[in-house]
Amino acid sequence: MKFNTKDAAAGALFILLGLAFGLHNYLALDIGTNTKMGPGYFPLVLACALVILGIAILFHAISTEDEPWGPVPWRGMFFILLGPIVFGATIQGLGLVPALAIICFITSFASYRMSLPLAIVLTAGLVFFCVAIFSWGLGTPIQLFGPWMNVVGLGN
Amino acid sequence: MDLIHNLSIGMATALQPGNLFYCFIGTLLGTLIGVLPGLGPTATIAMLLPITYSLEPVSSLIMLAGIYYGAQYGGSTTAVLINLPGESSSAVTTIDGYQMARQGRAGPALATAAIGSFVAGTFATFVIAAAAPPLTVIALKFGSPEYFSLMVLALITSVALAHGSILKALAMIVIGLLLGLVGTDIYTGAPRMTMGYLELADGINFVAVAVGVFGIAEILRNLETERTREVVTTVVTNLMPTREDLKAMAAPIVRGTLLGSALGILPGGGAVLASFAAYTLEKKVSSTPERFGHGAIEGVAGPESANNAAAQTSFIPMLTLGIPANPVMALMIGAFIIQGIVPGPNVAAERPELFWGIIASMWLGNLMLVVLNLPLVGLWVRVLRVPYYLMFPAIMAFSAIGVYSINTNIFDMYSVAIFGGIGYLFYRLGCEPAPLLLGFVLGPMLEEHLRRAMIISRGDPMIFLNRPISLTLLLLSVAALVVVFLPSVAKKREQVFVEDD
């Protein structure tokens, strides 16, 4: 039997998203009338459209051949997505230099080919390069060292 | 006469040393990211958008525009030398360009791409200069119903011309529209779909979404299969095309330029579509179609002219109507807004030096690109040898600074990670990110004009059909949808995209 798992998953995801958006808008927001549309009117219409499209994609999945999923870069996903989160969590406390060093260092390991010495050299180079361009060159107003760095006498 | 006068205002602006410098930086960066596979103009412009805040409006827009059309030049170098599209719009150039390189004719192939791009860029500059003023006049007559219908047309055509499943692309648009509506409702002040997060009151940060779905998701894609790139080791010699080459490329360049210019103006069109269409056209008009795929110079000249022409003419809807034709133009609108300028029909009248300065800079930029790309080709080959695992930490660092410095808001960093994950998930499910981003930008505008139109008509949806311009635009949208769903067209559409994958 023909069944395209990729299409089916996409269809199911769209239906779920449509229902979530739709229910939220229907329950929490004023729909209004045609003349005076409320905040929930247009989003509700869109959510319904999404559900319908999701159903159509699901039907399409039944009539098409399955295709291979291919490898999932778990390691890459972990390190790449962790990077911005840690950067966000530390930028205001530690300041630009340490936060940049952290994001460069963490994301370096997304690749299997990275080694510890190379990551250190790359991080140092990138931090210097970014600070030179953005802080010294363009005057981006982000402080280089944040309050948490007072401990080592670098913050302000 | 007006045209000459306007262009001379533009030239005076574009030739100021500061603007010339940023034009150079833009085209240089554009070439660089064009050459590098895995980093496109959308992600680059998104990352650099915040830092343009400190520049003059003209300089920043000239630079950002240079990145976009510069990337079209750079992309062809990679396509010819390593059989990989440096940019998605040079995907078709790999077919014949790489074959030419294997036959030892990499030099002429690169020269053909550069000459074609330059001719196309020059022509497109004049198309913009000639088409913009009349369109601005028409645009001033547009009311809310017309704007609504125009945006519907833009969204529909962007789907019709996209790669892959139409249904999925439509769904991606709808999701984009919904995400664009997150935040405070402008009419009632009610928070919508914010899940209680105060940080979402102003909506989801557009740059964070763009960096996430284009930049981060692209890195994850590249990490699926980490391969070493095979760079052609032969030194590129003898750039000069022969007399026969020049003769063979002339007609394709003209055809590609015209086709590309037309497809670029279309809302929803752009460089990628133009290059595919030009390749198909060249193959069709050729008396020896069997040469295609084995190093036909027409297969390089046509698409490369077309993608550059389209990259430039896609500025027209953005400059005259304030409507983005593709995600890059959506970011350009963001750049205008950062500078406190509302893009639309008034820009040409109120800020002529800005409007015409950007247009004139495109021609200067094209001139710079020929110099950057041909004599310096050796430099770009060396850039290609930089392994990918050294590149993406740099992309991550730039994205972090770029996104964080817009609002110095930590929440935006979390959005980047979330949208990176979402963008990659959608990619795995066979859904393209471009329609989502276009929907995201158009969502609030579309809703506002819909609500206004309905207030004008007292709730009668017929208003969209009673006004001739609006009706025409909607009929075109319906026609576009019908055409792509026709079985015969659907099949052809698949072929065009598949044979070049």
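Just so we're clear, the structure is a prediction, and the values are computed from it rather than from any experiment. Here is how names work: the chains are called A, B, and so on, in the same order as the sequence lines, proteins then strands, and each is numbered from 1.
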Novice: Could you pull out the closest heavy-atom pair between Asp185(B) and Pro39(A), with the gap in Å?
Specialist: OD2-CB, 3.3 Å
Novice: Can you check whether Ser108(A) reaches Tyr389(B) side chain to side chain, under 4.5 Å on heavy atoms?
Specialist: no
Novice: With a 4.5 angstrom heavy-atom cut-off, could you sort out which part of Ala400(B) is near chain A: side chain, backbone, both or neither?
Specialist: both
Novice: Would you call Leu450(B) and Met37(A) a side-chain contact if the rule is heavy atoms closer than 4.5 Å?
Specialist: yes
Novice: Of the backbone (N, CA, C, O) and the side chain (C-beta and beyond), which part of Trp69(A) lies under 4.5 Å from a heavy atom of chain B, both, or neither?
Specialist: both
Novice: Which atom names give the shortest non-hydrogen contact between Thr408(B) and Gln92(A), and what distance separates them?
Specialist: O-NE2, 3.5 Å
Novice: Using a 4.5 angstrom heavy-atom cutoff, name the option from Met396(B), Arg428(B), Lys168(B) with the most pairs to chain A.
Specialist: Arg428(B)
Novice: Between Ile106(A) and chain B, which part of the residue has a heavy atom less than 4.5 Å away: side chain, backbone, both or neither?
Specialist: neither
Novice: In terms of relative ring orientation, are Phe129(A) and Phe398(B) parallel, tilted or perpendicular, with 30° and 60° separating the classes?
Specialist: tilted
Novice: With a 4.5 angstrom heavy-atom cut-off, could you sort out which part of Val45(A) is near chain B: side chain, backbone, both or neither?
Specialist: neither
Novice: For the residue pair Leu179(B) and Phe21(A), establish whether any side-chain heavy-atom pair is separated by less than 4.5 Å.
Specialist: yes
Novice: So for Tyr424(B), is it side chain, backbone, both, or neither that comes closer than 4.5 Å to the heavy atoms of chain A?
Specialist: side chain
Novice: If you count heavy-atom pairs under 4.5 Å between each of Ala8(A), Ala89(A), Gly83(A), Ala20(A) and chain B, which one has the most?
Specialist: Ala89(A)
Novice: Using the ring-ring contact (aromatic ring centres under 6.0 Å, His included) criterion, which residues pair with Phe105(A)? Sequence neighbours excluded.
Specialist: Phe109(A)
Novice: Quick check: closest heavy atoms across Ala171(B) and Ile57(A), and the distance to 0.1 Å?
Specialist: CB-CD1, 4.3 Å
Novice: Please determine, among Ile216(B), Leu390(B), Ile219(B), the option with the most heavy-atom pairs under 4.5 Å with chain A.
Specialist: Leu390(B)
Novice: Tell me, for Leu29(A) versus chain B, whether the close heavy atoms (under 4.5 Å) come from the side chain, the backbone, both or neither.
Specialist: side chain
Novice: Is there a side-chain contact between Phe42(A) and Arg451(B) (heavy atoms, below 4.5 Å)?
Specialist: no
Novice: How far apart are the closest heavy atoms of Phe392(B) and Thr107(A), and which atoms are they?
Specialist: CE1-O, 3.0 Å
Novice: Determine the minimum heavy-atom distance between Leu53(A) and Leu170(B), stating which atoms define it.
Specialist: CD1-C, 3.7 Å
